[in-house]
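Since the model is a prediction, treat every value here as computed from it, not as a measurement. Chain letters run A, B, ... following the sequence lines, proteins first and then strands; every chain starts at 1.
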2 protein chains.
Amino acid sequence: MLSDRTARPAGELARGARLAPSTISTHLGRLLDAGVLDVEQHGRHRYYRLADPGIIRIVESLATIAPPKPIRSLGGASTATSLNFARTCYDHLAGRLGVWVTDELVARGMLVDGTTGLDVSDAGAAWLEDLGVSVSEARAQPRIFARRCLDWSERRHHVAGALGSGLLARLLDLAWIEHVDGSRAVRVTAAGREGFKRSLGTPPASS
Amino acid sequence: MLSDRTARPAGELARGARLAPSTISTHLGRLLDAGVLDVEQHGRHRYYRLADPGIIRIVESLATIAPPKPIRSLGGASTATSLNFARTCYDHLAGRLGVWVTDELVARGMLVDGTTGLDVSDAGAAWLEDLGVSVSEARAQPRIFARRCLDWSERRHHVAGALGSGLLARLLDLAWIEHVDGSRAVRVTAAGREGFKRSLGTPPASS
DNA sequence: CGGACGCTTCGGGTAGCCCCGAAACGTGAC
DNA sequence: GTCACGTTTCGGGGCTACCCGAAGCGTCCG
């Protein structure tokens, strides 16, 4: 849950791992002592995050070789919260939906491995422009065009970078997806289900 | 023990870890199932090695953040074998002696961090030439001049690359060190103790 | 100021990992 | 064929990491 560089309070981590707050607190304390985590206090919340980029790299490389349902203890970890289905990760789409979109684009040859990160093929550019995402604008931005970002709930990659950002913005604009209250969680609208179905096939179920 | 890319039979790994062969065999079996290790059978020996470069990188990065005396179980791991004191790692010097030499050179400002790996200062070059190691020859070689190599017994770095190779060759040439029978283990001769003392201070004890 | 809330600390129960010795297996040596 | 040797498999024992509920501490809110 912390591998997306977010800082999260202990209670949220406990709920996410389906463990008692006291249990999570012990773990966090040890990781803090070991220098793996940093903590920042805001009011009565204590926000934990991975200590440095080196640690992040290690966590990510471990996650890539870990079996799909790893974690020998920690209760079973994967929760059934709406965050697992779809959420924003910074400014792009993550969760089961984000990974699905990425997978479909790759399967159709629209998204391919490029020299630095990912790239779109001609077919991919056409599809994106048709949807209303400006590929040329994304390319012009002073940041990496498209890169893989590790999804903590799916343990697979979804697309980030300028392209991921543009895609998320357009999907919200089209009202194919919308934020759930004020949270990072996202839900697919009726229009979205239709739209996805027409252009990429049936999206995963939210349950 | 496997992080230097060597392949080793189960029994040697058991002795190195000071564990019963049956215990080590269980661990190796699990790591094999998980795809972390590969195995190759030669006669009645089974040689284990890390499965791929990705795994090697992960093992090394974990070792760099692990505390100096980690390993919660596994008996206590660090053996008192002669391999721990001094050995060759490919074509350079490793073990307590190899790490000591590297540390002393760094402490004296002779070995410094360079753009790619390590580099020698003017003082370092002078010292090496005085010893009889040709720095210019090492630089001319079509391989990296000097790099850090993780020492599995010390869990710290020693110097490798063309410079590490030249240094080992010269130390053997000067008969400051010599191989123990046919093994990778190395011992310091009487002349070596004298020589090290004059130029770098008292070397670590072999016991 | 009292109560709610987030978090941590403490004490104790349990599951499962790590370990070993004994025995089985397979290969090479005599 | 028999023995030696390296390795694996099996059955069990001890330890400790993980986990929880209860209690304590600090912060915010009414």
Measure [atom1]/[X] against [atom2]/[N] and give the value in whole Å, please.
X       : N      : atom1 : atom2 : answer
A:Leu13 : D:dC19 : CG    : P     : 14 Å
B:Leu32 : D:dT7  : CG    : C1'   : 13 Å
B:Glu40 : C:dT27 : CD    : C1'   : 17 Å
B:Arg18 : C:dC20 : CZ    : C1'   : 16 Å
B:His45 : C:dG26 : NE2   : C1'   : 13 Å
B:Leu19 : C:dC20 : CG    : C1'   : 10 Å
B:Arg15 : D:dC5  : CZ    : C1'   : 12 Å
B:Arg8  : D:dG6  : CZ    : P     : 17 Å

**Request:** Only pairs at least two apart or in different chains count here, so list each salt bridge (charged side-chain N to carboxylate O under 4.0 Å, His left out) that has a residue in residues 159-169 of chain B.
**Result:**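 Residue pairs passing salt bridge (charged side-chain N to carboxylate O under 4.0 Å, His left out), neighbours aside: none found.
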
Could you list the residues that satisfy side-chain contact (heavy atoms from CB on, under 4.5 Å) with [X], not counting sequence neighbours?
X        : value
B:Ser199 : B:Trp127, B:Trp176
A:Leu31  : A:Val36, A:Leu37
A:Glu104 : A:Trp100, A:Arg108, A:Leu200
A:Asp52  : A:Ile55

Sequence neighbours left out, what passes side chain to side chain donor-acceptor pair (under 3.5 Å) with [X]? Give chain and number order.
X       : answer
B:Ser22 : none
B:Arg30 : none
A:Ser25 : none
A:Glu40 : A:His42, A:Arg49

Output one line per pair: protein atom, nucleotide atom from nucleotides 8-10 of chain D, and distance, for all N/O pairs under 3.5 Å.
{"from": "D:dT8", "atom 1": "OP1", "to": "B:Arg46", "atom 2": "NH1", "distance (Å)": "2.9"}
{"from": "D:dT8", "atom 1": "OP1", "to": "B:Tyr48", "atom 2": "OH", "distance (Å)": "2.4"}
{"from": "D:dT8", "atom 1": "OP2", "to": "B:Ser25", "atom 2": "OG", "distance (Å)": "2.8"}
{"from": "D:dT8", "atom 1": "O5'", "to": "B:Ser25", "atom 2": "OG", "distance (Å)": "3.1"}

**Asked** With respect to the phosphate group of C:dC19, does any side-chain polar atom (N or O) of B:His27 fall under 4.0 Å of OP1 or OP2?
**Response**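 Yes, such a contact exists.
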
**Message:** Please confirm whether the shortest side-chain N or O distance from B:Arg30 to OP1 or OP2 of C:dC18 is below 4.0 Å.
**Reply:**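 Yes.
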
**Prompt:** Do side-chain atoms of A:Arg15 reach the backbone of A:Ala20 as a donor and acceptor pair under 3.5 angstrom?
**Reply:**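 Judged by distance alone, no pair lies under 3.5 Å.
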
**Fill in**
With B for base contact, S for sugar-phosphate-only contact and - for none (protein heavy atoms under 4.0 Å), nucleotides 24-30 of chain D reads ---BB--

**Request:** With B:Tyr48 as reference, evaluate B:Leu28, B:Ile24, B:Asp38 under the side-chain contact (heavy atoms from CB on, under 4.5 Å) test and give the passing residue.
**Result:**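 Single pass found, and it is B:Leu28.
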
**Asked** Using rotation axes that map the C1' atoms of four end pairs onto the next four (five pairs an end), what angle separates the end axes of the helix from C:dC1-D:dG30 to C:dC30-D:dG1, to 10°?
**Response**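 The angle separating the two end axes equals 30°.
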
